[in-house]
Visitor: 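Below you will find the structure I want to go over with you.
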Amino acid sequence: MPPFSSRPHLQVRVIRDDVLCAPRPLHYNRRMADTVITRFAPSPTGALHVGGARTALFNWAYARRHGGKFFLRIEDTDRARSTEAAEEGILRDLDWLGIDWDNQGKEPRQSQRLDLYNAAIEKLRAAGLTTTEENGAVRFTMPNRDITFEDKVRDEVTFPAGQIEDFIIQKAPDREGKQYPTYHLAVVVDDAEMGVTHVLRGQEHLNNTPKHIALQEALGLPRPTYAHFGLIFNPDGSKMSKRDKAKAARAAALEHTTTCDQQQWFDALIQFQKQATSLYPDLPTGTQLTYDNLESFCNKQNDDLSIAKSIALNLKIELPEIDVKDFTLSGYLSTALCNYLALLGWNPGNDVEKFDNNFLAQNFSFDRCNKGDSRFDRDKLASFNADAIKAMNSNTLYQMIWNQPYNHNFFLHKDPNKTFGSADDPKFTTFCETYRERSKTLCDPLTQGAFFFVGYDEIQIDDKARKKVMDKNEGEGWKALEALKPVLEQLPEDGFGAAAHEKIKALAERMGVGMGKLAQPLRVAISGNTVTPPIDATLDILGKDKTLARIQQTLDEKPTC
RNA sequence: GUCCCCAUCGUCUAGCCAGGUCCAGGACAUCACCCUUUCAAGGUGAAGACACGGGUUCAAAUCCCGUUGGGGAUACCA
């Protein structure tokens with residue numbers, strides 16, 4: 001299965017102000033007596049964040065659990081920050097997560113239903129519940145009484161009278177004279193119009209609820225059932241935000257500049273971006289690197305993401321994953337991400353931890369939700385992911401490894417077909433099965449096993465490993481390699497790995513040494529490093545010809561003295 | 001500042017609502033040992049928490065009050 005499906009509804013859509021939908025009738029209260037209707041209402045101002053993903057997941061699960069409907073709605077009343085790219089990305093990410101919505105292709109877009117909001121505002125105005133600001137913005141007058149509501153995860157919540165101030169429900173006219181509602185008004189009108197019965201959202205909205213309730217009452221709209229979940233934070237308790245990426249890149253940059261000249265490095269970075277751009281179509285080209293913007297980035301004067309990414313690429317560090325897309329590119333399975341995310345705030349009890357969305361959809365309930373905030377632990381996610389990879393059937397695993405999109409990896413622009421004819425090549429099967437046991441992410445097989453895919457001259461040779469394994473003890477590694485070469489040469493190509501394993505074992509015995517004395521020099525010769533999968537599998541994947549060629553090429557580099 | 005919310009191992013949590021079966025269970029991480037040609041994986045085990053102080057009760061992680069700590073809101077952002 002390809003990582004992203006190409007369903008027709010995910011085609012690019014254009015957000016256009018000039019084609020406002022035909023006015024819809026104001027028919028609130030459409031809800032059926034006992035049909036659960038939930039919704040996820042992202043604002044397309046950025047990528048889908050893991051917090052948003054969890055909210056979507058819970059809303060989806062609750063609707064599915066009760067045989068109801070789950071709708072998507074686009075909250076694009078912030079015209080300056082909403083983009084079609086962001087909207088498209090959010091839909092694609094939800095799709096990737098396995099969350100389907102029941103109004104696909106017909107998602108309401110708030111910017112196109114101004115008539116609905118205007119009608120509501122008129123009603124409030126007629127009731128004398130609004131004041132108009134000098135600039136034309138409209139403010140709603142809060143009633144002067146306590147507002148109490150039942151929250152499904154934290155019981156009864158009361159806001160004392162006078163505590164919530166009057167608030168703006170319609171923004172001042174923009175340049176074209178158009179007036180957009182604020183979130184509060186739009187959310188209340190839309191939820192009613194869509195028949196939403198249950199509103200599940202993050203705790204950051206708890207304080208908004210009295211505003212929404214006051215509006216509902218003033219408009220004569222039904223009050224949905226509310227449930228507020230704790231928030232998700234970084235392991236250190238800070239807020240999970242896109243800025244974390246800039247922070248991480250900055251920290252790495254600052255550390256790096258303690259070991260080198262900053263000006264020189266900046267220069268190298270600028271050059272690097274130019275080269276990298278031609279190498280990687282996906283590379284951020286948004287910001288052209290300059291001394292100035294690099295300096296201001298390092299001085300915390302900007303958090304430019306493409307600068308951060310360029311630095312990360314150059315320094316070969318990983319930026320923290322924040323958005324769903326980040327996790328996709330880092331090689332996480334949607335099933336593992338959903339499972340882990342669901343566990344942040346909900347759990348089925350009985351020490352059950354591993355489950356899929358289907359299970360969630362059958363078991364999700366408010367009485368097993370937690371009230372507290374939680375911290376996002378990448379180690380645990382990685383562990384879930386590793387387990388999910390181990391549990392995959394072979395076919396799916398091959399496909400996933402083969403089709404995994406990458407954030408950045410130098411070797412990826414090499415051709416894996418140099419090594420494997422195709423995904424059907426038995427070598428590829430051995431490769432996948434070998435890395436299944438040792439991969440935390442879908443990127444691991446191709447990054448850790450990069451040496452399989454490149455020519456000898458492109459192998460990253462670890463000098464330390466070479467010194468330790470080859471040169472030490474008067475070059476015993478070189479001697480071992482020389483002894484190994486003729487033995488391997490005699491072996492058949494068919495079953496090369498297993499046969500080689502036998503021979504190496506026998507040879508080690510004859511020489512009176514441990515197997516490592518032979519296997520390690522061999523590893524270093526063929527991979528440049530001391531770490532590879534088991535030697536038999538490694539040799540099988542690489543094949544006899546390449547193995548022997550690499551041994552010879554390595555021997556050619558033997559120091560003469 | 002004001003208001004709202006929250007509080008069990010480092011982290012996610014079970015247990016709490018219907019007090020005794022909890023000197024608190026699981027998972028991730030950590031450490032040790034086993035396995036082992038490297039790295040993993042796997043196996044076994046160890047260490048590790050009821051924030052604090054008052055009540056109520058024969059009995060409190062569980063109920064009540066307070067303190068402290070953390071988070072959220074206080075936008076013509078959602």
Side-chain angles (χ1 to χ4, degrees), chain A residues 41-46 52 75-78 80-82 110 133 135-139 151 153-155 157-160 162-165 167-174 179-184 186-187 201-211 228-233 235-237 239 340 343-354 367-368 370-384 386-387 390 434-440 444 448 465 469 501 504-505 508 513-524 527 529-536 538:
Chain A
S43 100
T45 54
E75 307 218 325
D76 58 351
T77 53
D78 185 341
R81 295 198 304 145
S82 296
Q110 292 183 330
E133 308 282 295
N135 61 9
V138 178
R139 192 179 293 274
D151 184 298
V153 339
R154 50 199 82 216
D155 298 329
V157 182
T158 300
F159 287 80
Q163 191 55 46
I164 309 287
E165 291 178 11
F167 57 97
I168 302 285
I169 53 174
Q170 189 178 43
K171 304 172 189 179
D174 63 13
Q179 278 192 277
Y180 290 90
T182 62
Y183 161 72
H184 302 299
V187 107
R201 31 144 83 149
Q203 205 217 141
E204 75 267 25
H205 285 300
L206 193 56
N207 306 269
N208 291 149
T209 307
K211 296 181 185 177
H228 292 91
F229 302 100
L231 271 21
I232 301 175
F233 293 98
D236 67 359
K239 210 167 181 174
Y340 178 69
L343 239 22
L344 257 30
W346 179 83
N347 84 81
N350 295 116
D351 295 336
V352 173
E353 279 208 313
K354 298 294 175 64
D367 58 2
R368 299 208 67 89
N370 288 304
K371 304 171 188 183
D373 299 328
S374 46
R375 299 177 183 210
F376 195 94
D377 180 1
R378 282 190 184 69
D379 286 334
K380 185 152 181 169
L381 204 216
S383 166
F384 272 41
D387 286 348
K390 284 191 200 87
T434 302
Y435 277 97
R436 142 180 269 140
E437 295 300 317
R438 61 198 70 235
S439 294
K440 281 193 180 343
D444 286 348
Q448 290 175 12
V469 174
H501 183 241
I504 294 167
K505 216 162 146 187
V513 297
M515 204 171 143
K517 291 285 184 203
L518 293 176
Q520 287 308 82
L522 184 54
R523 282 199 167 86
V524 170
S527 76
N529 208 302
T530 53
V531 178
T532 77
I535 206 72
D536 49 352
T538 304

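Chain identifiers are assigned alphabetically (A, B, ...) following the order of the sequence lines, protein sequences preceding nucleic acid strands; residue numbering begins at 1 within each chain. All of these numbers come straight from a predicted model, not from anything done at the bench.
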Visitor: Counting any heavy atom closer than 4.0 Å, what does A:His501 reach on the DNA or RNA strands: base, sugar-phosphate only, or nothing?
Guide: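 Base, at least one base heavy atom under 4.0 Å.
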Visitor: Considering only atom P, compute the distance from B:C52 to B:U8 and round it to an integer number of Å.
Guide: 11 Å
Visitor: Check whether any side-chain N or O of A:Thr182 sits under 3.5 Å from a backbone N or O of A:Ile168 as a donor-acceptor pair, and report yes or no.
Guide: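 The answer is yes, because a donor-acceptor pair under 3.5 Å joins these two groups.
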Visitor: Contact class for A:Ile535 vs. all strands (heavy atom < 4.0 Å): base, sugar-phosphate, or nothing?
Guide: base
Visitor: Would you indicate what A:Glu204 reaches in the nucleic acid, counting non-hydrogen atoms under 4.0 angstrom: base, sugar-phosphate, or nothing?
Guide: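 Answer is sugar-phosphate: A:Glu204 comes under 4.0 Å of backbone atoms only.
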Visitor: Reckon A:Pro534 touches a base, only the sugar-phosphate, or nothing at all at heavy-atom distances under 4.0 Å?
Guide: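 The answer is base, as A:Pro534 lies within the cut-off (heavy atoms under 4.0 Å) of a base atom.
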Visitor: Any base atoms under 4.0 Å from A:Gly136, or only sugar-phosphate, or nothing? Heavy atoms, all strands.
Guide: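 Here A:Gly136 touches no strand at all.
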Visitor: Applying a 4.0 Å non-hydrogen cut-off, can you work out what A:Ser374 is touching in the nucleic acid: base, sugar-phosphate, or nothing?
Guide: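 Sugar-phosphate contact only - A:Ser374 comes under 4.0 Å of backbone atoms but never of a base.
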Visitor: For A:Thr158, answer base if it contacts any base atom (sugar-phosphate contacts may also be present), sugar-phosphate if it contacts only those atoms, and nothing otherwise; contact means non-hydrogen atoms under 4.0 Å.
Guide: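 The answer is sugar-phosphate, as A:Thr158 gets under 4.0 Å only of primed atoms, P, OP1 or OP2.
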Visitor: Sequence neighbours left out, what passes salt bridge (Lys or Arg N to Asp or Glu O under 4.0 Å) with A:Lys440? Give chain and number order.
Guide: none
Visitor: Suppose you measure atom C1' in B:U38 against the same atom in B:C31; what distance do you get, rounded to whole Å?
Guide: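 Looking at atom C1' only, B:U38 and B:C31 are 22 Å apart.
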Visitor: Have a look at A:Pro42 and say if it touches a base, only the backbone sugar-phosphate, or nothing, with a 4.0 Å heavy-atom cut-off.
Guide: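 Counting heavy atoms under 4.0 Å across all strands, no contact is made by A:Pro42.
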Visitor: Any base atoms under 4.0 Å from A:Arg375, or only sugar-phosphate, or nothing? Heavy atoms, all strands.
Guide: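 The residue A:Arg375 makes sugar-phosphate contact but no base contact.
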Visitor: Could you pull out the protein-nucleic contacts involving nucleotides 47-51 of chain B (nitrogen or oxygen on both sides, under 3.5 Å)?
Guide:
none

Visitor: Atom CG of A:Asp444 and atom C1' of B:C39: how far apart are they, to the nearest Å?
Guide: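 It is 12 Å, rounded to the nearest whole Å.
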Visitor: Counting Watson-Crick and G-U wobble pairs only, both distances under 3.5 Å, name the nucleotide matched with B:C28, or none.
Guide: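 Because both required distances fall under 3.5 Å, B:C28 counts as paired with B:G10.
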Visitor: What string of B, S and - do you get for nucleotides 15-32 of chain B 5' to 3' if you count protein non-hydrogen atoms under 4.0 Å?
Guide: S---------BBBBS---
Visitor: Regarding A:Thr77, tell me which of base, sugar-phosphate or nothing describes its non-hydrogen contacts under 4.0 Å with the strands shown.
Guide: sugar-phosphate
Visitor: Indicate, with a heavy-atom threshold strictly under 4.0 Å, whether A:Pro235 touches base, sugar-phosphate, or nothing.
Guide: nothing
Visitor: Quick one: does A:Ser374's side chain have a donor or acceptor within less than 3.5 Å of a partner on A:Ile232's backbone?
Guide: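 Side chain of A:Ser374 to backbone of A:Ile232, a donor-acceptor pair under 3.5 Å: no, none is there.
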Visitor: Would you mind pulling out the nucleotide paired to B:G1, Watson-Crick or G-U wobble, both distances under 3.5 Å?
Guide: B:U74
Visitor: List in chain and number order the residues that pass salt bridge (Lys or Arg N to Asp or Glu O under 4.0 Å) with A:Arg139, two or more places apart in sequence or in another chain; answer none if no residue qualifies.
Guide: A:Glu133
Visitor: Can you name the salt bridge (Lys or Arg N to Asp or Glu O under 4.0 Å) partners of A:Lys517, sequence neighbours left out?
Guide: A:Glu476
Visitor: When the P atoms of B:G45 and B:G66 are compared, how many Å lie between them, rounded to an integer?
Guide: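 Comparing P positions in B:G66 and B:G45 gives a spacing of 46 Å.
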Visitor: When rounded to the nearest Å, what value does the distance between C1' atoms of B:C9 and B:A46 take?
Guide: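 It works out to 14 Å between them.
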Visitor: Just jot down the side-chain contact (heavy atoms from CB on, under 4.5 Å) partners of A:Asp236, sequence neighbours excluded, or say none.
Guide: A:Asn234, A:Ser238
Visitor: Looking at the side chain of A:Asp536, which of B:G42, B:A73, B:U37 is the nearest nucleotide?
Guide: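 So the side chain of A:Asp536 is nearest to B:U37.
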Visitor: Going by side-chain contact (heavy atoms from CB on, under 4.5 Å), name the residues that satisfy it together with A:Pro173, two or more places apart in sequence or in a different chain.
Guide: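 Result, side-chain contact (heavy atoms from CB on, under 4.5 Å) vs A:Pro173: A:Gln179.
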Visitor: Provide the Watson-Crick or G-U wobble partner of B:U62, both distances under 3.5 Å; none if there is no partner.
Guide: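 Check on B:U62: unpaired, no WC or wobble geometry under 3.5 Å.
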Visitor: Which whole number of Å gives the distance between the P atom of B:A47 and that of B:C6?
Guide: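 After rounding to an integer number of Å, I get 35 Å for this pair.
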Visitor: Using atom C1' of each nucleotide, how far apart are B:C28 and B:G69 to the nearest Å?
Guide: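 B:C28 and B:G69 have their C1' atoms separated by 25 Å.
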Visitor: So what does A:Phe233 touch, heavy atoms closer than 4.0 Å: a base, only the sugar-phosphate, or nothing?
Guide: sugar-phosphate
Visitor: Could you work out, with side chain to side chain donor-acceptor pair (under 3.5 Å) as the rule, every residue matching A:Gln110, not counting sequence neighbours?
Guide: A:Glu75, A:Asp190
Visitor: Could you tell me how far B:A61 sits from B:A24 if I compare only their P atoms? Round to whole Å.
Guide: 11 Å
Visitor: Calculate the interatomic distance between A:Asn207 atom CG and B:C4 atom P; express it in whole Å.
Guide: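 Answer to the nearest Å: 10 Å.
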Visitor: Under 4.0 Å, heavy atoms only, any strand: does A:Lys505 hit a base, just the sugar-phosphate, or nothing?
Guide: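 Here A:Lys505 touches no strand at all.
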Visitor: Mind checking salt bridge (Lys or Arg N to Asp or Glu O under 4.0 Å) for A:Asp78 and listing every partner two or more places apart, or none if nothing turns up?
Guide: A:Arg81
Visitor: With the side chain of A:Val531 defined as its heavy atoms from C-beta on, choose the nearest nucleotide among B:C39, B:A78, B:C4.
Guide: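 It is B:C39.
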Visitor: With rounding to whole Å, what would you report as the distance between B:A49 and B:U11 at their C1' atoms?
Guide: 12 Å
Visitor: Given B:C77, B:C3, B:A78, which nucleotide is nearest the side-chain atoms of A:Ser43?
Guide: B:A78
Visitor: Paired with B:C16: which nucleotide, if any, by Watson-Crick or G-U wobble criteria at under 3.5 Å for both distances?
Guide: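 Across any shown strand, B:C16 pairs with none.
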Visitor: Taking only side-chain N and O atoms of A:Thr182, does any of them lie within less than 4.0 angstrom of OP1 or OP2 on B:A75?
Guide: no
Visitor: Consider side-chain hydrogen bond (donor to acceptor under 3.5 Å, both in side chains). Of A:Arg523, A:Gln448, A:Gln520, which one does A:Thr532 pass it with?
Guide: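 That would be A:Arg523.
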